[in-house]
Amino acid sequence: MRSLPLPLALTARLAPVAVLATAGWALSSGPDTTSAATPGRSPEPARPSASAPAPATETATKTYAAAPDPCASLAKKTITSLVPGAKTAGKEIPSTDAEVRRTCSWNALKGYDYRWLDVSYELSETDDAALTTYRERVADDSGGGEVPGLGDAAYSVVNLTTEDKQQTREGTVVVRAANALVVITYNGSDFESKKAPSTETINQGAIKAAKEAVAALSGAATAD
């Protein structure tokens with residue numbers, strides 16, 4: 001999920017990518033239990049052994065059953081640091097299915113300095129499906145790099161855009177943790193200087209939010 005580049009257009013958000021998972025399957029059969037022919041008798045038909053294993057089916061792994069509250073995912077001091085002047089309660093974006101997709105936004109203009117922060121959770125049916133979606137997101141946002149030690153896999157990228165001489169710098173962090181994706185979008189502009197915050201400021205801010213949002217998954221509902 002990406003924000004549009006300029007704050008004046010930030011009320012429109014991209015819908016998260018929907019993914020349909022397909023589970024693999026495998027079949028196995030028991031040993032051949034056909035009896036040897038006895039003179040004067042017709043061979044008996046083969047019967048399955050009582051101890052023969054049942055056909056094997058791949059188990060679909062699903063760690064999290066519901067998305068946590070994204071507006072409660074960050075510490076208040078983190079919100080006031082990343083989005084000065086914003087209400088710490090945040091605003092949750094309406095979702096068609098709140099159990100699997102939830103997003104909270106914070107934005108504020110303090111003086112001439114503008115910041116926007118999104119925290120989004122997206123749940124897939126299996127860990128493998130989440131991995132597929134993660135790889136697609138990374139492929140769509142080339143030019144970034146891996147973030148070690150965050151979730152099962154994490155990737156961050158920062159882009160700079162300029163329109164009417166106004167710069168906006170936006171960072172995105174995508175994290176996979178089991179069957180959950182955590183997506184952070186963080187951007188900023190200075191309307192007085194027309195410049196954007198530094199790449200390090202935006203990238204480190206987005207990563208900080210991502211770490212706290214991933215930690216909040218530990219309190220989410222887990223699958224049976």
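If you're wondering where the values come from, they're calculated on a predicted model, not measured in any experiment.
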Tell me whether [X] contacts the main-chain N or O of [Y] through its side chain, where contact means a donor paired with an acceptor under 3.5 Å.
X: Arg137; Y: Ala139; value: no
X: Ser120; Y: Val183; value: no
X: Gln167; Y: Ala196; value: yes
X: Thr78; Y: Leu74; value: no
X: Trp106; Y: Thr88; value: yes

Within-4.5 Å side-chain heavy-atom neighbours: [X] and [Y]:
X: Leu217; Y: Pro68; answer: yes
X: Ser124; Y: Lys62; answer: no
X: Thr63; Y: Asp127; answer: yes
X: Arg101; Y: Thr96; answer: yes
X: Tyr114; Y: Asn107; answer: yes
X: Tyr155; Y: Val173; answer: no
X: Pro197; Y: Asp190; answer: no
X: Thr132; Y: Asp128; answer: no

* Cluster link Tyr112 to Trp116, ILVMFWY, side chain under 4.5 Å -> yes
Might you point out which heavy atoms bring [X] and [Y] nearest each other, and give the distance in Å?
X: Ala209; Y: Leu117; answer: CB-CD1, 4.2 Å
X: Leu181; Y: Ala130; answer: CD2-O, 3.9 Å
X: Tyr121; Y: Ser73; answer: OH-CB, 3.3 Å
X: Ser189; Y: Thr168; answer: OG-OG1, 2.8 Å
X: Leu150; Y: Ala154; answer: O-CB, 3.5 Å
X: Ala178; Y: Asp152; answer: N-OD2, 2.6 Å

* **Arg102/Asp69 ion pair, N-O < 4.0 Å** => yes
Between atom [atom1] of [X] and atom [atom2] of [Y], what is the distance when rounded to the nearest 0.5 Å?
X: Leu82; Y: Lys77; atom1: CG; atom2: NZ; value: 12.0 Å
X: Ile184; Y: Lys211; atom1: CD1; atom2: NZ; value: 12.5 Å
X: Asn179; Y: Leu131; atom1: CG; atom2: CG; value: 12.0 Å
X: Arg115; Y: Ile79; atom1: CZ; atom2: CD1; value: 15.5 Å

* Qualifying residues under salt bridge (Lys or Arg N to Asp or Glu O under 4.0 Å), relative to Glu146, sequence neighbours excluded -> none
* Determine which pairs satisfy disulfide bond (SG atoms under 2.5 Å apart) with at least one residue from residues 82-184, sequence neighbours left out, and list them in order. => Cys71-Cys104
* To do: Would you sort out whether Glu170 and Thr161 count as a side-chain hydrogen bond (donor to acceptor under 3.5 Å, both in side chains), showing the intermediate values?
  => CA-CA 8 Å; Glu170 178 175 286; Thr161 58; over 6 Å; no
Side chains of residues 199-207: which donor-acceptor partners sit under 3.5 Å, not counting sequence neighbours?
from, atom 1, to, atom 2, distance (Å)
Thr199, OG1, Arg169, NE, 3.2
Thr201, OG1, Ser198, OG, 2.8
Asn203, OD1, Ser156, OG, 3.2

* **side chain to side chain contact (heavy atoms under 4.5 Å, CB included) between Phe191 and Leu109, intermediate numbers included** => CA-CA 9 Å; Phe191 292 141; Leu109 177 66; 3.8 Å; yes
